[in-house]
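Reviewing the structure listed below.
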Amino acid sequence: MTKKMLLGAAAATGLMAGAASAATLDDVKERGTLNCGVSTGLVGFSAPDASGTWEGFDVALCRAIAAAVLGDASAVEFVPLTGKTRFTALASGEIDVLSRNTTWTFSRDNDLKFEFAGVNYYDGQGFIVPRDLGVTSAKDLDGATVCVQTGTTTELNLADFFRKNNISYEPVPIETNGEAQQQYLAGACDAYTTDASGLAATRATFEDPSAHVILPEIISKEPLGPLVRHGDSEWGDIVRWTLNALIAAEELGVTSANVADMASSAGDSPEINRLLGTEGNLGEMIGLDANWAVNAIAAGGNYGELFAKNIGEETPIGLSRGLNAQWTDGGLMYSPPFR
């Protein structure tokens, strides 16, 4: 191939990449709805209520993205996915974003060709057992049967933990959290393992939550967050900065109750002004209206509001902020500057 042909091919590749990067945003706008992949049912994170309306912490992020892009937090089609089907659905284009308690790992980022848009919950894997089993440590589970979802990092971490501690176990493979709950309560396994937040959410649905103990060991790092396909940089930026907007809003004191008033005119804080579109052109930079972040925050609240409403200490899930507190409060939640 001649130098001229090489340059032509490079230019064509660049044009194709540019076209691909805008494809999802264009598709969502043309369709008028956001297709969002969620779990098959994890109370507090993503589950339908009695009337069939999807609710939860991960669901709220989807609604914020829809509000930012389409100006309508209800313009979301939720697609329930298992641990095995979630990545195929994203890769095939069935969904625009996956917001389903999914761990950011090297292989998922590179080998599976996905792009994680940030972390919306810092978690770790744990174990739950019946209180009457008398177990106080995961290291006491030698020879136990353990329910574990297939196609997950949980499955791999479980094997690593038992191998490292030179103890044995018998895996009981399950597909969904609902199936795990049924099997565990039926006594098909001695323990159930998944992310600690998922264990708390599952235990909250039990008839007698106090009869079950979440063991103290956290055996992994599980940074959970939304992801999109590689080669779609513009769309990845929108998802990433919508999440950042919710995190920054909490730090800056912007809430669902005051965001409309604060956005009605520029205030004394340049950072808030840029976030809310009363100053600068950040929305234009990502192909959205100036009030994109206002819409995202108004959809359900800032990060702290979403946490408290769906999974916080005053909910049946009862999770403390811990690592998910703002960096100013000793946590890891931190948004890059809006400038």
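Residues take their numbers from the sequence shown, with the count starting at 1.
At least one donor-acceptor pair under 3.5 Å links the side chain of Glu217 to the backbone N or O of Ala138. Here the side chain of Ser99 pairs a donor or acceptor atom with the backbone of Asp58 at under 3.5 angstrom. The closest donor-acceptor contact from the side chain of Thr33 to the backbone of Ala75 lies at 3.5 Å or more, if one exists at all. A distance-only check finds no donor-acceptor pair linking the side chain of Asn35 to the backbone of Asp96 [under 3.5 Å]. Put simply, the side chain of Asn281 never gets that close to the backbone of Glu284: no donor and acceptor are under 3.5 Å apart.
To the nearest 0.5 Å, atoms OG1 (Thr153) and CG (Leu224) are separated by 8.0 Å. Taken from CD1 in Ile214 to CG in Leu199, the straight-line distance is 5.0 Å, to the nearest 0.5 Å. Taken from CG in Asn273 to CE in Met262, the straight-line distance is 8.5 Å, to the nearest 0.5 Å. Note: Cys36 SG to Arg100 CZ = 11.5 Å, rounded to the nearest 0.5 Å. Here CZ of Arg339 is found 6.5 Å from CD of Glu271. Values are rounded to the nearest 0.5 Å. Interatomic distance, Asp123 CG to Asp195 CG, rounded to the nearest 0.5 Å: 4.5 Å.
Scanning all heavy atoms of the two residues, the minimum distance from Trp241 to Pro336 falls at CH2-CB, 3.6 Å. Scanning both residues, Ala263 and Thr278, for their nearest heavy atoms gives O-CG2, 3.3 Å. For Arg240 against Phe116, the heavy-atom pair with the smallest separation is NH2-O, 3.9 Å. Taking each heavy atom of Ile297 and Val254 in turn, the nearest pair found is CD1-CG1, 4.1 Å. Scanning both residues, Leu61 and Leu246, for their nearest heavy atoms gives CD1-CD1, 4.1 Å.
No more than 12 heavy atoms of other residues, nucleotides or ligands shown are found within 6.0 angstrom of OH on Tyr334. Counting heavy-atom neighbours within 6.0 Å of Asn166 CG, excluding the residue itself, gives a total of 12 or less.
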Original post:
Between Trp54 and Val38, does a side chain to side chain contact (heavy atoms under 4.5 Å, CB included) hold up when you go through it step by step?
Top reply: CA-CA 9 Å; Trp54 282 86; Val38 291; 3.7 Å; yes

Subject >> side-chain hydrogen bond (donor to acceptor under 3.5 Å, both in side chains) assessment of Glu251 paired with Trp327 >> reply: CA-CA 9 Å; Glu251 179 185 347; Trp327 68 285; 3.2 Å; yes

Original post:
After noting the C-alpha distance and the side-chain angles of Tyr192 and Gln181, does the key distance pass the side chain to side chain contact (heavy atoms under 4.5 Å, CB included) rule?
Top reply: CA-CA 8 Å; Tyr192 173 39; Gln181 179 176 324; over 6 Å; no

Subject >> Full working for ring-ring contact (aromatic ring centres under 6.0 Å, His included) between Tyr169 and Phe127 >> reply: CA-CA 13 Å; Tyr169 73 102; Phe127 297 85; 9.1 Å; no

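Annotation: side chain of Leu81 is not in contact with side chain of Thr40 (no heavy-atom distance under 4.5 Å). Inter-residue side-chain proximity for Val97 and Leu34 is flagged as met; some heavy-atom pair is nearer than 4.5 Å. Side-chain contact between Leu215 and Thr136 is absent, with no heavy atoms from C-beta onward closer than 4.5 Å. Side-chain contact between Thr194 and Gln125 is absent, with no heavy-atom pair separated by less than 4.5 Å. In this structure, Thr88 and Glu94 have side chains that are not in contact, with every pair of non-hydrogen atoms separated by 4.5 Å or more. Residues Asn177 and Ser39 fail the side-chain proximity criterion, which asks for heavy atoms closer than 4.5 Å. Within the 4.5 Å cutoff, side-chain heavy atoms of Ile317 are placed close to those of Val43.
Considering Leu276, Ile65, Thr242 as possible partners of Trp292, the one that fulfils the side chain to side chain contact (heavy atoms under 4.5 Å, CB included) test is Thr242. Of the options Ile174, Val129, Thr145, a side chain to side chain contact (heavy atoms under 4.5 Å, CB included) to Cys189 is made by Thr145 and by none of the others.
No salt bridge links Asp160 with Arg163; every basic N to acidic carboxylate O contact stays at or beyond 4.0 Å. The pair Arg321-Glu250 meets the salt-bridge criterion, with a side-chain N (NZ, NE, NH1 or NH2) lying under 4.0 Å from an Asp/Glu carboxylate O. Taking a cutoff of 4.0 Å between a charged side-chain nitrogen and a carboxylate oxygen, Lys84 and Glu175 qualify as a salt bridge.
Residues Phe114 and Phe87 bring their aromatic ring centres within 6.0 Å. With ring centers used as reference points, Tyr303 lies 6.0 Å or more from Tyr121.
Between Phe57 and Phe45, the ring planes are perpendicular. Angles over 60° get that label, and only those under 30° would be called parallel.
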